[in-house]
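Taking it in order: structure first as structure tokens, then the write-up.
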Amino acid sequence: MAKQEERSKYEHQRREKLARIRQLDSVEDPYGGRYDGTEAAEAVKSRFRDGDETQQARCAGRIVLLRDIGKLVFITLRDRSGTIQVGMSRKLMSEQWQLTKLLELGDIIGAAGQLGKTKTGEITIWADSLTLLSKSLLPPPEKFHGLSDIDLRYRQRYVDLWANPEVMERFKKRSAIMSTIRGFLESRGFLEVETPMMQTIAGGAAAKPFITHHNSLNMDLFLRIAPELFLKRLLVGGMERVFEINRNFRNEGLSRQHNPEFTMLELYQAYADYNVMMELTEEIISLLVKKYCQGSRLQFDDKTVDFSQPWRRATYSELLKEYSGCDIEDIEAVRARAKELGLDEDEMDDVVVINTVFEATVEDNLVDPTFVIDYPAALCPLTKPKKDKPEYAERFELFIAAMEIANAYTELNDPAIQEENFRIQLRGQQESMATMDSDFISALKYGMPPAGGLGIGIDRLIMVLTGAANIRDVILFPLLQPVTES
RNA sequence: GGGAGUGUAGCUCAGCACGGUAGAGCAACGGCCUUUUAAGCCGUAGGUCCUGGGUUCGAGUCCCAGCACUCUCACCA
């Protein structure tokens, strides 16, 4: 297409420049090689001592700004840590001056020389050595506005990351947060494990799975929708505290809060219950807020979220009463409310109507962190029912900024009840998906210790902690439609 | 799937209400410049105005259809 031709014209110009560079005696290979002894740009700037003219520095990175003043060229170099200015003068560069004048935005270079300050006070490497490490053949985005076409940003994240520094910052923060979470759990004796992503039975949640095929075994496999049933097998095996930071795959719609593959922290602690999980959840997220955010009141989209502790704990039925006005025991009132809300409730079971009304009326109001506790047992096939009120289950969900962030249970460890719950669940499903995980039931029969289990939606948590309103802004390569050839 | 919005130069955006043959900044190309900070100055080049129809003497602009993207609703443990 025309756009492709236009682009190739710019590429053509750069290729011609590359050809000229190859002819220079001072350039061995315009795609460079190992380049040792570099320092992070920001580290160089912070060790700089004004007035000391014996300081040397050596950095490598991408040219993001270039100011050519004739016999003097100033370059802003971006590396993993930030930026530093490199100054090049014809006098100092001597035989490498020709190469200097051929540098372009986007090229990756290494530069070394004396560290100093310019008239305006900018810390600068006055280069006496220049190495071209990679010639860039495509023009970079606009240097001030960066790349803002949202589709292009996701498609070409490799450009987005260096053209928009705040994007790099957000993903660095995501890495740091993951590291903190791992450290926290390890300090409490949790073991990090890996369980199958390809499963013969897609269990542990109710979602449509992706299906794939193994050729030599000639069998279909599901990409996991949750690791839950495998992690519980590890409890049976004697791993009393386990966690997995895992990718789940769900074949459902996409939205600001849903990507088909998403990251979940799932953990199990033997001899604990959902109250222990609640304390742990509040502790770990509060630690992250303290460590990675400014203050305890965070802006998210058009909302302000107050993380001050303690967080609210309210039962499912209390919240239903508070926001829908309905008593959970009065099913006629709940059905009437559903009609008012325009929900098609005729075909639904009572508990589904209740939950639909709950989602429609309550969830949007849960902006500050709120533990919703004690769900109707019929919604929770993997959860231990409450001793005094078996129609409710020992489950909580944590909502922050009206998003479901965490989900936890006192795990059901009675194999007979578990098997019965599976049977009830299977009745409502299509034949193709309906498979009893009898091996899991066998595991329970050997005896699973009572335990608390917790799942935290990592992507959504990162969204809240970094103020990103779209899940695609916290996933490096979100799923997109392929570009159509035309 | 429904609704709303967007699509113009490599990038970031004007122009469209009221139709008259395409604009700016950055980037590029050619000059000038030894202290710039989104460097500056002079000059040059760059467009299937998403695609296809229609209305019109004439469409980037109005109408219809399609495509892509964004937001939103629905669906979604």
Side-chain angles (χ1 to χ4, degrees), chain A residues 1-14 16-17 64-76 83-93 97 104-106 116-124 126 136-156 159 163-164 204-208 225-226 228 248 250-260 262 301 342-344 351-352 355-356 358-360 363 372 375-376 378-383 393 395 397 404 407 409 425 428 455 457 469-470 472 480-486:
Chain A
M1 291 302 293
K3 281 194 171 180
Q4 293 287 322
E5 285 161 24
E6 287 308 313
R7 169 168 296 198
S8 74
K9 186 190 64 190
Y10 283 91
E11 186 177 335
H12 183 70
Q13 280 179 356
R14 284 183 172 236
E16 284 184 341
K17 202 165 270 194
V64 290
L65 292 172
L66 188 150
R67 299 172 286 281
D68 185 340
I69 325 280
K71 298 188 184 66
L72 199 58
V73 174
F74 290 102
I75 280 169
T76 303
T83 59
I84 191 162
Q85 176 164 274
V86 179
M88 298 171 180
S89 73
R90 187 163 78 165
K91 215 181 226 174
L92 270 172
M93 296 303 294
W97 184 244
E104 299 183 276
L105 290 175
K117 259 190 182 178
T118 61
K119 275 183 188 167
T120 49
E122 178 93 15
I123 296 168
T124 301
W126 287 103
S136 171
L137 293 177
L138 291 175
E142 214 262 3
K143 65 189 180 187
F144 185 59
H145 297 92
L147 191 62
S148 73
D149 182 302
I150 200 130
D151 188 44
L152 263 187
R153 287 187 41 217
Y154 298 143
R155 283 187 197 287
Q156 306 195 325
V159 176
N164 299 322
K208 294 186 203 94
I225 54 177
E228 171 148 359
N248 289 345
R250 296 188 182 177
N251 208 340
E252 313 275 0
L254 284 72
S255 81
R256 283 210 302 179
Q257 293 159 27
H258 297 85
N259 194 61
F262 62 99
D301 214 1
L343 302 167
D344 182 20
V351 67
V352 179
N355 202 41
T356 307
F358 185 91
E359 286 173 1
E363 293 187 358
V372 180
Y375 278 65
L379 294 172
C380 318
L382 298 161
T383 312
R395 168 185 183 182
E397 286 194 359
E404 181 195 334
N407 182 22
Y409 318 138
Q425 203 181 9
N470 195 316
R472 289 174 160 184
L480 301 169
Q481 282 206 41
V483 182
T484 49
E485 308 272 340
S486 61

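Letters A, B, ... are given to chains in the order of the sequence lines, protein chains preceding strands, and every chain is numbered from 1.
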Results of side chain to side chain donor-acceptor pair (under 3.5 Å) for Arg256(A) - residues two or more places apart only: Asp301(A)
Any strand: nucleotide that pairs with G30(B) via Watson-Crick or wobble, under 3.5 Å: C42(B)
Chi class for A4(B): syn within 90° of 0, otherwise anti: anti
Whole-Å gap separating P (C50(B)) and CG (Leu152(A)): 16 Å
Mate of A9(B) where both pairing distances stay under 3.5 Å, Watson-Crick or G-U: none
Nucleotide nearest Glu104(A) when distance is taken to its side chain, options A28(B), G10(B), U70(B): A28(B)
Sugar-phosphate, base or nothing in reach of Pro381(A), heavy atoms under 4.0 Å: base
Set of side chain to side chain donor-acceptor pair (under 3.5 Å) partners for Glu404(A), sequence neighbours left out: none
Audit row: Ile225(A), Asn248(A), side-chain contact (heavy atoms from CB on, under 4.5 Å) steps and yes/no: CA-CA 5 Å; Ile225(A) 54 177; Asn248(A) 289 345; 5.9 Å; no
Atom P, compared across U55(B) and U72(B): separation rounded to whole Å: 40 Å
Complement of A22(B), any strand, by Watson-Crick or G-U distances under 3.5 angstrom: none
Integer angstrom distance from the C1' of G47(B) to that of U8(B): 8 Å
Beyond-backbone contact of Leu254(A) with Pro260(A), side-chain heavy atoms, under 4.5 angstrom: yes
Nearest-Å distance once atom C1' is located in both G60(B) and C18(B): 15 Å
Paired nucleotide for A74(B) [Watson-Crick or G-U wobble; both distances under 3.5 Å]: none
B/S/- contact track for nucleotides 30-35 of chain B, protein heavy atom under 4.0 Å: ---BBB
Sort me out a list of protein N/O and nucleotides 73-76 of chain B N/O pairs below 3.5 Å, or just none if empty.
from: C76(B); atom 1: O2; to: His258(A); atom 2: NE2; distance (Å): 3.0

Minimum-distance nucleotide (side-chain atoms of Arg256(A) versus U72(B), U12(B), A28(B)): U72(B)
C42(B) to A24(B) separation - P atoms, rounded to the nearest Å: 14 Å
Nearest listed nucleotide, side chain of Tyr10(A), among A27(B), U70(B), A77(B): A27(B)
Phosphate-side-chain proximity, Lys143(A) and A27(B), N/O vs OP1/OP2 below 4.0 Å: yes
P-based separation of U34(B) from C71(B) [nearest Å]: 50 Å
Distance, rounded to the nearest Å, where Arg14(A) contributes CZ and A28(B) contributes P: 7 Å
Distance test, side-chain N/O of Arg67(A) to OP1/OP2 of U36(B), below 4.0 Å: no
Residue whose closest nucleotide on RNA chain B lies nearer the 5' end, Leu379(A) versus Glu122(A): Glu122(A)
Euclidean distance, atom CD of residue Gln156(A) to atom P of U12(B) [Å, nearest integer]: 11 Å
Distance, rounded to the nearest Å, where Glu11(A) contributes CD and C29(B) contributes P: 15 Å
With sequence neighbours excluded, residues passing ring-ring contact (aromatic ring centres under 6.0 Å, His included) with Trp97(A): none
Protein-nucleotide distance (Leu65(A), atom CG; G40(B), atom P), rounded to Å: 11 Å
Contacts of Tyr409(A) that satisfy side chain to side chain donor-acceptor pair (under 3.5 Å) - sequence neighbours left out: none
U35(B) pairs with, by Watson-Crick or G-U criteria that keep both distances under 3.5 Å: none
Protein-nucleotide distance (His12(A), atom NE2; G46(B), atom C1'), rounded to Å: 15 Å
Ile150(A) CD1 to U70(B) P, straight-line distance once rounded to whole Å: 7 Å
Sugar-phosphate only, base, or nothing, as touched by Gly146(A) at under 4.0 Å among non-hydrogen atoms: sugar-phosphate
Gap in Å between the two P atoms, one belonging to A59(B) and one to G53(B), rounded: 13 Å
Opposite nucleotide pairing with C62(B), Watson-Crick or G-U, both atom distances under 3.5 Å: G54(B)
Glu359(A): salt bridge (Lys or Arg N to Asp or Glu O under 4.0 Å) partners, not counting sequence neighbours: none
Rounded distance in Å - CG (Leu147(A)) to C1' (C69(B)): 14 Å
Side chain of Asn470(A) - closest among C11(B), C69(B), C71(B): C71(B)
Sugar-phosphate, base or nothing in reach of Glu404(A), heavy atoms under 4.0 Å: sugar-phosphate
Minimal non-hydrogen separation, Glu122(A) against Thr124(A), with atom names: O-OG1, 3.0 Å
Donor-acceptor pair between Asn407(A) and Arg395(A) side chains, under 3.5 angstrom: yes
Those residues that, when tested against Ser255(A), pass side-chain contact (heavy atoms from CB on, under 4.5 Å) (two or more places apart): Gln257(A), His258(A)
Pairwise P distance for G52(B) and C33(B), with rounding to whole Å: 49 Å
C49(B) to C13(B) separation - C1' atoms, rounded to the nearest Å: 14 Å
Tyr154(A): ring-ring contact (aromatic ring centres under 6.0 Å, His included) partners, not counting sequence neighbours: none
Thr76(A) side chain near Arg67(A) side chain, heavy-atom distance below 4.5 Å: yes
